[in-house]
Amino acid sequence: MAETKGGPSAAGGDVASAPRKSSWKYIGPGIVVAATGVGAGDLVATLIAGSNFGYTLLWAAVIGCVVKISLAEAAGRWHLSTGRTLFDGWSSLGRWTTWFFVVYVVIWGFVYGAAAMSSSGLPLQALFPDVMDLKWWAILTGLVGLVFVWFNKYEVFEKVMTILVGIMFVVTVYLAIRVTPNLGDAFAGLLPVLPDEKDSILNTLGLIGGVGGTITLAAYGYWVNAKGWTDTGWMKVMRLDNRVAYITTGIFVVAMLFVGAELLHSANVAIASGDKGLVQLGDILEKEYGTATSKLFLVGFLATSFTSLIGVWHGVSLMFADFVERSRKSKAGADGAALSGAEVASGAREKSLPFRAYLLWLTFPPMILLFEGQPFRLIIIYGVLGAAFMPFLALTLIWLLNSSRTPAEWRNGWLSNGMLAIAGLLFLILCVKQVTDQDWSSFF
């Protein structure tokens with residue numbers, strides 16, 4: 001076995017405590033990553049794909065879930081096989097990874113905080129239109145998320161996420177059944193065919209890459225550790241958990257594509273991109289199926305948005321706390337000291353000052369954007385950084401999991417390398433597209 005800076009023993013995990021067989025009763029982090037990764041914007045993107053192309057791109061949505069399975073599995077495998085956190089692995093690749101991460105989480109967190117609060121406020125405003133303005137609903141959801149994550153550890157967080165995922169699941173599957181999908185056309189949509197329209201390749205790649213999480217995929221390994229899984233004895237359980245996560249994501253995506261194909265495509269109805277498209281869908285559902293269905297959908301919309309909010313509030317704050325701990329050790333002259341998954345499993349990180357400081361950063365400064373609007377230059381930087389994160393994640397995982405940093409038996413095989421390479425190339429293309437689409441002439 002290759003020598004590493006950590007390992008199962010270094011992580012402090014007890015292999016004997018891990019189950020001999022994978023079991024459904026252990027799953028949890030996968031539910032969290034699925035709930036966090038599928039936000040309102042993802043559902044709108046899928047709805048628009050269904051409204052524009054019918055069932056033609058169903059195969060692309062399925063491939064997208066398979067790609068995300070490979071990325072999350074790789075992140076979880078790094079944590080369990082080495083006993084080290086993902087940020088510790090990134091740090092071993094050079095200081096450039098640290099600088100990228102710091103710039104990313106500071107700017108991304110500032111803009112995302114406002115977007116997440118606004119997204120969670122929209123369905124509440126639609127459900128209670130005469131109570132208060134959207135910005136106040138948004139602020140309320142941000143404060144509720146802050147208090148919830150601040151005062152609860154992972155166990156409670158996971159239980160609440162599981163309940164909200166149950167609501168999401170019931171609502172999306174109900175809607176898919178309610179619109180009476182054409183199963184013959186749906187099965188035909190599993191054949192890889194591109195729509196005969198302009199930019200169809202980019203639309204297809206966007207659907208494959210756009211649903212199911214960005215930085216939350218990197219947070220998966222941290223949630224695995226927070227669950228108490230810290231060594232290779234939990235590897236089979238983690239893999240089952242990860243598959244459940246993206247099968248769940250796949251069901252959400254397919255259900256919303258059914259709604260887009262049947263309710264919007266067949267009637268030639270267009271909806272706006274972004275979260276407001278879901279409010280429009282609520283109005284359409286009310287006309288077609290009545291107030292009860294519309295209200296149920298808005299409850300599902302709220303569950304979808306709020307799980308993304310508290311998921312990021314918890315998961316990315318864990319990653320930021322890990323970054324600060326690494327920086328502290330480096331300054332103390334302990335650069336070789338690995339950051340272990342056992343430290344995350346102890347729950348101490350969730351009560352740490354850096355964790356709570358980033359929680360506050362996600363909540364309060366973004367409220368400025370709810371009142372003032374989003375500054376143009378910041379949005380461009382946010383978009384570019386967001387597009388760059390996924391190729392960064394895929395390519396660094398390939399690097400880490402094919403090197404001596406990972407024990408030999410847990411390094412990538414040909415399938416893992418192939419899937420991560422495909423993911424890296426896919427997200428690199430989307431990144432380049434995102435960069436070239438920006439209005440750089442107005443930036444300077």
(request) Quick one: pull up CG in Asn225 and CG in Asp322 and give me the separation to the nearest 0.5 Å. (result) 9.0 Å

(message) Show the nearest heavy-atom pair for residues Met117 and Pro366, with the distance to one decimal.
(response) CE-CB, 3.8 Å

(request) Report yes if some heavy atom in the side chain of Arg77 is under 4.5 Å from a heavy atom in the side chain of Ser416; otherwise report no. (result) yes

(request) Check whether any side-chain heavy atom of Ile284 sits under 4.5 Å from a side-chain heavy atom of Leu264, and report yes or no. (result) yes

(message) As a quick check of understanding, evaluate ring-ring contact (aromatic ring centres under 6.0 Å, His included) for Phe320 and Phe323, giving each step before the final call.
(response) CA-CA 5 Å; Phe320 182 79; Phe323 152 71; 5.7 Å; yes

(message) Assess the residue pair Phe355 and Trp150 against the criterion (ring-ring contact (aromatic ring centres under 6.0 Å, His included)); give the C-alpha distance rounded to whole Å, side-chain angles, the decisive distance to 0.1 Å, and a yes or no.
(response) CA-CA 9 Å; Phe355 181 92; Trp150 188 289; 8.5 Å; no

(request) May I ask you to check whether over 12 heavy atoms, not counting those of Arg356, lie within 6.0 Å of atom CZ? (result) yes

(message) Can you see whether Asp241 engages Tyr220 through a side-chain donor-acceptor pair at a distance of less than 3.5 angstrom?
(response) yes

(message) Can a donor-acceptor pair be found, under 3.5 Å and without considering hydrogens, that links the side chain of Ser118 to the backbone of Ala115?
(response) no

(message) Going by side-chain contact (heavy atoms from CB on, under 4.5 Å), Leu146 matches just one of Leu309, Leu362, Leu359, Thr141. Which one?
(response) Leu359

(request) Say whether, by atom type as modelled, one donor and one acceptor occur between the side chain of Ser305 and the main chain of Leu302 under 3.5 angstrom. (result) no

(request) Determine the minimum heavy-atom distance between Trp229 and Leu80, stating which atoms define it. (result) O-CD2, 3.4 Å

(message) Does any part of the side chain of Phe110, heavy atoms only, come nearer than 4.5 Å to the side chain of Leu369, both counted from C-beta?
(response) yes

(request) Would you check if the side chain of Ser51 reaches a backbone N or O of Gly260 as a donor-acceptor pair within less than 3.5 Å? (result) no

(message) Would you say that Leu127 contacts Phe301 through its side chain, given a criterion of any heavy-atom pair below 4.5 Å between the two side chains?
(response) no

(message) Quick one, Leu263 and Leu47 - any side-chain contact, counting heavy atoms below 4.5 Å?
(response) no

(request) Return the minimal non-hydrogen interatomic distance between Leu140 and Met132, and the atom names on each side. (result) CD2-CE, 4.0 Å

(request) Please lay out, stage by stage, how Lys153 and Lys351 fare under the test side-chain contact (heavy atoms from CB on, under 4.5 Å). (result) CA-CA 8 Å; Lys153 286 194 174 182; Lys351 301 301 180 184; 3.9 Å; yes

(message) Tell me whether Tyr289 at atom OH has more than 12 heavy atoms from other residues, nucleotides or ligands lying less than 6.0 Å away.
(response) yes

(message) With a 3.5 Å distance limit and no angle check, can you tell me whether Ser346 reaches the backbone of Glu343 through a side-chain donor-acceptor pair?
(response) yes

Per-pair distances, 0.1 Å, donor-acceptor, side chain in residues 388-401, under 3.5 Å, sequence neighbours excluded:
from, atom 1, to, atom 2, distance (Å)
Thr396, OG1, Trp90, NE1, 3.1
Thr396, OG1, Phe392, O, 2.7
Thr396, OG1, Leu393, O, 3.1

(message) Just verifying a value: how many Å separate Met238 CE and Lys227 NZ, rounded to the nearest 0.5 Å?
(response) 14.5 Å

(request) Anything under 30° is parallel, anything over 60° is perpendicular, the rest tilted; go ahead and classify His314 against Trp223. (result) parallel

(request) Locate the shortest heavy-atom distance separating Val66 from Met419; write the atom from each residue and the value. (result) CG1-CE, 3.6 Å

(message) Keeping Thr97 on the side-chain end and Gly94 on the backbone end, is there a donor-acceptor pair under 3.5 Å?
(response) yes

(message) Has Tyr246 got a side-chain atom pairing as donor or acceptor with Ala72's backbone, closer than 3.5 angstrom?
(response) no

(request) Check Asn152 against Glu350 and note the closest heavy-atom contact, atom names and distance. (result) O-OE1, 4.2 Å

(message) For Lys159, is the NZ atom crowded, meaning more than 12 foreign heavy atoms sit under 6.0 Å from it?
(response) no

(message) I need the Glu325 CD to Ser352 OG distance, nearest 0.5 Å.
(response) 8.5 Å

(request) Decide ring-ring contact (aromatic ring centres under 6.0 Å, His included) for Trp313 and Phe148; before the verdict, give the C-alpha distance in whole Å, the side-chain angles of both, and the deciding distance to 0.1 Å. (result) CA-CA 10 Å; Trp313 263 229; Phe148 172 72; over 10 Å; no

(request) Carefully, step by step, assess Val105 and Ile215 under the rule side-chain contact (heavy atoms from CB on, under 4.5 Å). (result) CA-CA 9 Å; Val105 295; Ile215 196 171; 4.2 Å; yes

(request) Give the C-alpha distance, both sets of side-chain angles, the deciding distance and a yes or no for ring-ring contact (aromatic ring centres under 6.0 Å, His included) between His79 and Tyr222. (result) CA-CA 8 Å; His79 277 248; Tyr222 288 85; 4.9 Å; yes

(request) Drop me the distance from Leu430's CG to Leu425's CG, to the nearest 0.5 angstrom. (result) 9.5 Å

(message) Are the side chains of Phe306 and Ile167 in contact, using a 4.5 Å heavy-atom criterion?
(response) no

(request) Look up atom CG in Leu175 and atom CG in Leu281, then write down how far apart they are to the nearest 0.5 Å. (result) 7.0 Å

(message) If you define the side chain from C-beta out and look only at heavy atoms, does anything of Phe427 sit under 4.5 Å from Val67?
(response) yes

(message) To check you understand the geometry: which heavy-atom pair defines the closest contact between Met168 and Ala303, and what is its length?
(response) CG-CB, 3.8 Å

(request) With side-chain contact (heavy atoms from CB on, under 4.5 Å) as the test, would you mind laying out the steps for Leu58 and Phe187 before giving the verdict? (result) CA-CA 9 Å; Leu58 182 59; Phe187 281 116; over 6 Å; no

(request) For the pair Ser308 (side chain) and Thr36 (backbone), establish whether a donor and an acceptor sit closer than 3.5 Å, ignoring hydrogens and angles. (result) yes

(request) Give a yes or no on whether the backbone of Val32 and the side-chain of Glu158 come within a donor-acceptor separation of less than 3.5 Å. (result) no

(message) Return the CG to OG1 distance between Leu296 and Thr291, rounded to the nearest 0.5 Å.
(response) 12.5 Å

(message) For Thr293 and Tyr174: C-alpha separation, side-chain torsions, deciding distance, then whether side-chain contact (heavy atoms from CB on, under 4.5 Å) applies.
(response) CA-CA 9 Å; Thr293 297; Tyr174 167 76; 3.2 Å; yes

(request) Determine whether Tyr358 and Leu318 make a side-chain contact, defined as any pair of heavy atoms from C-beta on separated by less than 4.5 Å. (result) no

(message) For the aromatic rings, using the six-membered ring if either is Trp, is the centroid distance between Tyr55 and Phe258 under 6.0 Å?
(response) yes

